[in-house]
2 protein chains.
Amino acid sequence: MSKAANTRTMILTKSFELIYKQGYQATSIDNILATTQVTKGAFFYHFKNKDEMGLAMINEIIFPGMYASLVTPLLNAKSPINDIHEMMRIVLLKVPFLRAKYGCPAVNLIEEMSPLNEEFKQALLKLTDQWQDAIKESINQGKASGEVRADVNAEYVACFVVAGYSGIRNMGKAAGSACYNIYLQELKNYLKQLG
Amino acid sequence: MSKAANTRTMILTKSFELIYKQGYQATSIDNILATTQVTKGAFFYHFKNKDEMGLAMINEIIFPGMYASLVTPLLNAKSPINDIHEMMRIVLLKVPFLRAKYGCPAVNLIEEMSPLNEEFKQALLKLTDQWQDAIKESINQGKASGEVRADVNAEYVACFVVAGYSGIRNMGKAAGSACYNIYLQELKNYLKQLG
DNA sequence: TGCATTACATACTAATTAGTATTTAAAAGC
DNA sequence: GCTTTTAAATACTAATTAGTATGTAATGCA
């Protein structure tokens, strides 16, 4: 990676960390510069304004990072009931850079920014849409294989599961990570009953 | 209500509206003053700083407002499966001052402020704790009456339902209110299967 | 009625904000 | 080597931020 590309990546990575913990609006450009040692000239050379940087951060850091945890494990799923639960367990308990106190960076940004910035909203929708599609597809495969009842609506299940994730991330921020285990238990009951 | 108390209430009410739509940190005191016609002197007479106002807003506007929609309908519930679903339907589709685009004011504040302000977090936890207790209690009554299976864990169900609500509020911000109906359908399936 | 307290009004400050203008250094191309 | 483009450094600005200092009305009550 060239030195310039390195500077750009550094800005995005550090911005991600700060925004994940503090929120987008609460993270100032000066705050980012202070923690990256990058100068204002470099920042505004790489991004024409804060929002352009924020959008790049969503597309280049958050989207691929979350996609790998949320969607990839469901592609070529063998048993949707187990695989969806396992995907959720890993996302909630095992992904190292996510902390209960700070929730999920994608959920946080949807919450804070989707009413305020249409571009952010669309970029984040892309992730949740693809996640819902992957869940729906795996449920449909479960229906084909007989693991899931024929009367189950795959799209509804996908919506319900994604909402559950966003919600438990919210709850975890205030109540702590203990609720993750309770949620995972009850998610298992819900998923089992689809079969 | 005395004139002074009226000023105070006006500040809290207008602040609620602005913070609901813009977020807490994005709503400046000057912004509140401009929309209320209240002067800075009056604001700082009633509240020693912005956070004290925010806390009062949570306790005096958000808590009672949401409690009436979330908890009250479950006290003396006759049929938990129907009553929980009906409570959710009304909260999502009928409460007039709530909009899909802006989500739920309590969920928004948990998301934005619980990692940053311990007092806010505790005040908001009080609401979600009482909501979970009310759900748990109604499930337990359902178990007593035989409507709900004996092996159902009421606490787990309460956590799962509250997470679902927070999550669908988050999803609705980006995806619009159409997902509310899908969620309600699948919530009905989930609740039915408890019986 | 007088006086104290309550309630509010106005003008200010110091810090922080996003963003710009200008200059300078490093690379790349020829 | 020389020039052009890329990348970054520095110094600034105008607006906005939370909060203060100080003053003045309105109100309650002895």
Side-chain angles (χ1 to χ4, degrees), chain A residues 1-58 60 108-109 112-113 115-120 123, chain B residues 1-58 60 108-109 112-113 115-120 123:
Chain A
M1 184 153 57
S2 76
K3 204 177 159 221
N6 197 54
T7 302
R8 198 188 124 96
T9 301
M10 187 187 185
I11 292 171
L12 291 178
T13 308
K14 270 285 177 195
S15 296
F16 166 77
E17 286 171 31
L18 291 170
I19 290 167
Y20 174 44
K21 293 180 181 171
Q22 302 173 338
Y24 178 78
Q25 295 173 103
T27 302
S28 71
I29 294 174
D30 285 347
N31 186 350
I32 294 165
L33 302 180
T35 61
T36 51
Q37 309 277 42
V38 164
T39 63
K40 194 159 274 197
F43 183 96
F44 281 98
Y45 173 77
H46 286 285
F47 308 101
K48 85 165 195 283
N49 53 38
K50 188 187 175 188
D51 281 2
E52 194 183 281
M53 185 281 296
L55 202 57
M57 182 203 66
I58 292 171
E60 298 170 38
N108 293 355
L109 273 174
E112 180 184 5
M113 296 306 292
L116 304 177
N117 187 311
E118 182 66 24
E119 287 188 301
F120 281 29
Chain B
M1 185 153 52
S2 77
K3 205 176 159 223
N6 197 55
T7 301
R8 197 187 125 96
T9 301
M10 186 187 187
I11 292 171
L12 291 178
T13 308
K14 270 286 176 194
S15 295
F16 166 77
E17 285 172 31
L18 291 170
I19 289 167
Y20 174 43
K21 292 180 182 170
Q22 303 174 337
Y24 177 78
Q25 295 174 102
T27 302
S28 71
I29 294 174
D30 285 346
N31 187 351
I32 294 165
L33 302 181
T35 61
T36 50
Q37 310 277 41
V38 165
T39 63
K40 195 158 273 197
F43 183 96
F44 281 97
Y45 172 76
H46 287 286
F47 308 100
K48 85 165 193 282
N49 54 37
K50 189 188 174 188
D51 281 2
E52 194 183 281
M53 186 283 295
L55 202 57
M57 183 202 67
I58 292 171
E60 297 171 38
N108 293 356
L109 274 174
E112 182 184 3
M113 296 306 292
L116 305 177
N117 186 310
E118 182 68 23
E119 286 188 302
F120 281 29

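A, B, ... follow the sequence lines: proteins, then strands. Residue 1 opens every chain.
Rounding to whole angstrom units, OH of residue A:Y45 and P of D:dA7 are separated by 3 Å. Between A:F43 atom CZ and D:dT6 atom P the separation is 20 Å, expressed in whole Å. A straight line from CD of A:Q37 to C1' of D:dT10 spans 16 Å, rounded to a whole angstrom. As a whole-Å value, the separation of A:L33 CG from D:dA8 P is 13 Å. Computed from coordinates, the A:N6 CG to D:dA8 C1' distance equals 14 Å when rounded to whole Å.
Within 6.0 Å of atom CD in B:E119, 12 or fewer heavy atoms from other residues, nucleotides or ligands are found, so the atom counts as exposed in its surroundings.
With sequence neighbours left out, the salt bridge (Lys or Arg N to Asp or Glu O under 4.0 Å) criterion links A:K40 to A:D30. Judged as a side chain to side chain contact (heavy atoms under 4.5 Å, CB included), and not counting sequence neighbours, the contacts of A:A56 are A:R8, A:L12, A:F47, A:E60. For A:Q22, the side-chain hydrogen bond (donor to acceptor under 3.5 Å, both in side chains) partners are A:T27, A:N31, not counting sequence neighbours. Residues satisfying the side chain to side chain contact (heavy atoms under 4.5 Å, CB included) test with A:T13, not counting sequence neighbours, are A:T9, A:E17, A:I61. In this view, A:D51 and A:Y24, A:N49, A:N117, A:F120 satisfy the side chain to side chain contact (heavy atoms under 4.5 Å, CB included) rule, not counting sequence neighbours.
Among the heavy atoms of the strands lying under 4.0 Å from B:N49 are primed sugar atoms or P, OP1, OP2 only; no base atom is included. Nucleic acid contact class of B:S28 (heavy atoms, under 4.0 Å, all strands): sugar-phosphate only.
Within the structure, every side-chain polar atom (N or O) of A:H46 is placed at least 4.0 Å from both OP1 and OP2 of D:dA7. Close to D:dA8, at under 4.0 Å from its OP1 or OP2, lies a side-chain N or O of A:T7.
The residue among B:R8 and A:Q25 whose nearest nucleotide of DNA chain C is located toward the 5' end is B:R8.
Nucleotides of DNA chain C lying under 4.0 Å from heavy atoms of chain A occupy a range whose first and last members, 5' to 3', are C:dT17 to C:dT20.
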